[in-house]
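One structure below.
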Protein chains: 2
Amino acid sequence: MQETSLYPHVSVDCAIFGFDGEQLKILLITRTGESEEGRYSDMKLPGSVIYESENLDDAAYRVLYELTGIKNIYLQQFRSFGSPDRTKHPRDIVWLENAIHMKIGRIITVAYVALIKINQKLRGFADGYEAHWCNLSEIGQLAFDHNEVVEGALNYVRKKIEEDPTGMYELLPKKFTEAELRNLHEVIFGEKVDIRNFHKKFISLNYIIPLEEKQQNVAHRAARYYRFDKIIYNKSHR
Amino acid sequence: MQETSLYPHVSVDCAIFGFDGEQLKILLITRTGESEEGRYSDMKLPGSVIYESENLDDAAYRVLYELTGIKNIYLQQFRSFGSPDRTKHPRDIVWLENAIHMKIGRIITVAYVALIKINQKLRGFADGYEAHWCNLSEIGQLAFDHNEVVEGALNYVRKKIEEDPTGMYELLPKKFTEAELRNLHEVIFGEKVDIRNFHKKFISLNYIIPLEEKQQNVAHRAARYYRFDKIIYNKSHR
DNA sequence: ACAAAAGTGTTCCGCATACACCCATGC
DNA sequence: GCATGGGTGTATGCGGAACACTTTTGT
């Protein structure tokens, strides 16, 4: 273990929201360690100290790639967290020193958000790395200031989606029903939307293309499938 | 000079926008140094490497305070810049090493924005520190990636003002005319607004209090003064 | 009298909201 | 035939955008 560095370490943390078709989840890593009160186990956001000469964005993409095998997604820096207090919990300090193999004065983190679709492959992959998709309502006390990071990330995502809804369609299958999109809205914003008003807006969007195909074998009237046309979207948005 | 640190240095840079009653300016520091091509002189944003155990926000406030003597203002972190390329210019590397008295691998900066009113005291104070209020349209090539920082800061400020106009009133005298506020809008957003529509909205705001006092000795019809009532504003905005 | 800026109303359009009933399908 | 969710229209209000003339004051 090296001696204490006077200079701050910089990390990236990723708040990766995943949509499994029904609910919005957040990807968390199980952290276990030894503290004065014995062994503990809690959760943290995936993150990493940045490498030398590594772009911040690159570091975030690296963390995400190492954890999920996914690239080329909607990944955005949204804030830095740099209070010295964020590592004041003894448990956090000990854990960090073990992880980085160095005494830590403090650590500043640059936080990123991502929105991805949870597919079957991803479920298995994440589990292999002790990463878990957790319901947003069920996350407890996270390591460091990660509760605050998640909160900030969710607010950021809501704002972003409002000004550019492209990210939503990455979370849905290529062919999706209006109800699927509506449900996605509801879980992201945490509130019900009016079905008819949503419909009116939905059909007015020229980049939502209705398909001939409909649902099969559902116990009610079959819903039409639609697709998102990115090219049309880009044309009409600068 | 110490040996190269493998760990990144972290700085804060402040994009401080000032309003002098007519135009929007940005506070820049003159930087001079020696390079292969001889002495040079250019401009940079005020900034500083953060101290050990110093909160990021505190560091930003410290820089601002040291430079302007001003506290308790609208100061917001808005993005971090961490590309290793941002210090690729040889001039920037040499300058940094002289400033920090240490070899620099890379430096990550957390950028802040502030909006302040340029009063008479502030003009003198800034000049004493080789800081200058520059017209936004007249800034040339800045040090590091500071052009990008300024650009990002301005966009951020515009967004923020749209959702919370409180910051605007910090830039105006306590008593101000409708035209002064309108001009402020125009310089922040860089476009003309319709006078009558602006007026309609202006008088509909319950936190803008009309005063009996009017302009004196103007070569045209005297305009009424108004004041901003922060208490009323806060009551009607959560 | 003229220059210069203050002050003011109407119309139109698009967008958000509120709200309820019939339709198709599988069981 | 019934349960389940799919699919649809109308009326209302608010806020933004366009647009021009009269008033006041100093010179």
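In what follows, chains are A, B, ... by sequence order, proteins preceding strands, each numbered from 1.
Between B:K201 and B:E178 there is no salt bridge, since none of the side-chain N atoms of the basic residue sits less than 4.0 Å from a carboxylate O of the acidic one. Checked for salt-bridge contact, A:K44 and A:D42 miss the test: no charged N lies under 4.0 Å from a carboxylate O.
Here chain B contacts DNA chain D (any atom closer than 4.0 Å to a heavy atom, that is under 4.0 Å), and the contacts span D:dG16 to D:dG26 from 5' to 3'. You can see that DNA chain C meets the heavy atoms of chain A within a 4.0 Å-exclusive cut from C:dA16 to C:dG26, reading 5' to 3'.
Residues A:S137 and A:N135 bring no donor and acceptor atom of their side chains to less than 3.5 Å of each other. Between the side chains of B:N234 and B:Y207, not a single donor N or O lies within less than 3.5 Å of an accepting N or O. A:D164 and A:Y233 share a donor-acceptor pair across their side chains, judged by distance under 3.5 Å alone.
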Could you go step by step and tell me if B:R62 and B:E66 meet the salt bridge (charged side-chain N to carboxylate O under 4.0 Å, His left out) rule? CA-CA 6 Å; B:R62 172 175 59 78; B:E66 288 171 356; 3.7 Å; yes

Start with the C-alpha distance between B:D92 and B:R31, add both sets of side-chain angles, then the distance that settles salt bridge (charged side-chain N to carboxylate O under 4.0 Å, His left out), and finish with yes or no. CA-CA 10 Å; B:D92 291 336; B:R31 177 181 82 157; 2.8 Å; yes

Walk me through whether A:E170 and A:K230 qualify under salt bridge (charged side-chain N to carboxylate O under 4.0 Å, His left out). CA-CA 11 Å; A:E170 315 268 348; A:K230 190 158 196 162; 3.8 Å; yes

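For residues 188-208 of chain A, proximity to DNA chain D is found at A:R196, A:H199, A:K200, defined as any non-hydrogen atom under 4.0 angstrom from a strand atom.
Atom CZ of B:F202 sits about 8.0 Å away from atom OG1 of B:T177, to the nearest 0.5 Å.
A:F19 pairs with exactly one of A:L172, A:L115, A:I188 by the side chain to side chain contact (heavy atoms under 4.5 Å, CB included) rule, that one being A:L172.
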